[in-house]
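Quick notes on the structure that follows.
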Amino acid sequence: MLTAAQVRATLPHRYPMLLVDRVLDAGEDHIRAVKAVTLNEPWYARLGPRPTPDELAYPDFLLIESWTQTAGILAKHLAGDTADGQVMLFGSMSGIEFHRRAFPGDTVEHHARLQRAVDDTMIFEGGSTVGGEPLLTVGGITMAFRPGEALAPPPS
């Protein structure tokens with residue numbers, strides 16, 4: 001549904017922190033996107049010639065970031081034109097559970113669903129899989145839109 005170029009146009013993130021490669025499906029209250037894990041990512045640059053399986057495991061915090069970016073694409077879609085000039089903020093997370101690790105060569109599929117929306121704040125839930133096997137469960141992540149100018153530092 002969204003190509004890599006369209007994902008890049010939707011999110012403000014850039015290399016190395018743009019962690020969604022493509023959106024496969026998006027509806028009124030759900031989204032499905034993918035992130036391909038590769039050895040070419042900067043967090044693997046420090047590895048020696050014989051990395052251990054633990055060293056090759058994709059960092060958990062980056063899985064959450066990638067999932068949250070997927071939910072952010074849905075949030076921007078749901079907000080429509082009201083998101084113009086707004087900054088999307090991550091508020092909180094709960095019910096995070098890791099079921100296994102992801103490794104280079106894996107394609108992570110993220111599933112996010114709108115649980116609830118109140119004004120400019122949205123709560124999403126879902127999870128991630130690799131090859132159909134559970135990787136991550138997200139009980140709830142809160143995102144909110146705020147005016148960009150309200151978040152700018154005061155003039156010096």
Side-chain angles (χ1 to χ4, degrees), residues 1-38 40-43 57-102 104 106-156:
M1 177 140 222
L2 289 181
T3 65
Q6 291 168 317
V7 167
R8 190 175 192 273
T10 303
L11 293 173
H13 305 74
R14 294 296 176 260
Y15 177 85
M17 288 308 295
L18 180 56
L19 301 176
V20 175
D21 294 323
R22 183 167 41 111
V23 173
L24 303 174
D25 177 48
E28 286 300 312
D29 67 346
H30 69 277
I31 190 168
R32 190 167 53 100
V34 293
K35 159 67 179 139
V37 178
T38 75
N40 291 321
E41 297 180 55
W43 17 94
Y58 196 69
D60 291 344
F61 72 92
L62 291 175
L63 284 173
I64 293 171
E65 174 65 28
S66 182
W67 188 92
T68 304
Q69 288 179 20
T70 298
I73 294 169
L74 179 58
K76 284 194 78 171
H77 169 72
L78 294 172
D81 292 340
T82 63
D84 293 344
Q86 301 282 315
V87 174
M88 189 177 355
L89 301 173
F90 168 82
S92 66
M93 63 182 169
S94 64
I96 305 297
E97 187 177 347
F98 295 96
H99 305 287
R100 60 166 284 210
R101 307 298 302 268
D106 286 343
T107 300
V108 177
E109 189 170 301
H110 299 300
H111 305 262
R113 184 181 73 79
L114 177 67
Q115 186 182 71
R116 185 173 179 207
V118 178
D119 297 324
D120 58 0
T121 302
M122 298 177 192
I123 302 170
F124 297 93
E125 64 184 2
S128 302
T129 60
V130 170
E133 296 294 320
L135 175 67
L136 168 72
T137 299
V138 178
I141 284 186
T142 305
M143 293 182 189
F145 288 96
R146 296 293 182 266
E149 68 273 358
L151 299 172
S156 306

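Just so you know, residue 1 is the first one in the sequence shown, and it goes up from there.
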Spatial distance of atom [atom1] ([X]) from atom [atom2] ([Y]) [nearest 0.5 Å]:
X      : Y      : atom1 : atom2 : result
Gln115 : Ile141 : CD    : CD1   : 11.0 Å
Arg116 : Ile123 : CZ    : CD1   : 6.0 Å
Glu65  : Asp60  : CD    : CG    : 13.5 Å
Ile31  : Leu2   : CD1   : CG    : 6.5 Å
Ser66  : Met17  : OG    : CE    : 9.0 Å
Thr142 : Phe90  : OG1   : CZ    : 8.0 Å

Looking at side-chain heavy atoms only, is the closest gap between [X] and [Y] below 4.5 Å?
X      : Y      : answer
Leu151 : Leu89  : yes
Thr3   : Arg8   : no
Val138 : Ile96  : yes
Lys35  : Leu62  : no
Met122 : Leu114 : yes
Arg100 : Asp106 : yes

Within the supplied structure, the quantity of interest is the number of heavy atoms (other residues, nucleotides, ligands) at a distance under 6.0 Å from Asp84 CG; does it exceed 12?
yes

Would you say the side-chain atoms of [X] pair up with the backbone N or O of [Y], donor to acceptor, closer than 3.5 Å?
X      : Y      : value
Gln69  : Leu19  : yes
Arg22  : Val7   : no
Glu133 : Val130 : no
Thr10  : Gln6   : yes
Trp67  : His111 : yes

Atom of [X], atom of [Y] and distance for their closest heavy-atom approach:
X      : Y      : answer
Ala102 : Leu135 : N-CD1, 3.8 Å
Ala83  : Phe145 : CB-CE2, 3.9 Å
Leu63  : His110 : O-CE1, 4.0 Å
Arg146 : Gln86  : C-OE1, 3.1 Å
Met88  : Ala75  : SD-CB, 4.1 Å
His99  : Pro134 : CB-O, 3.5 Å

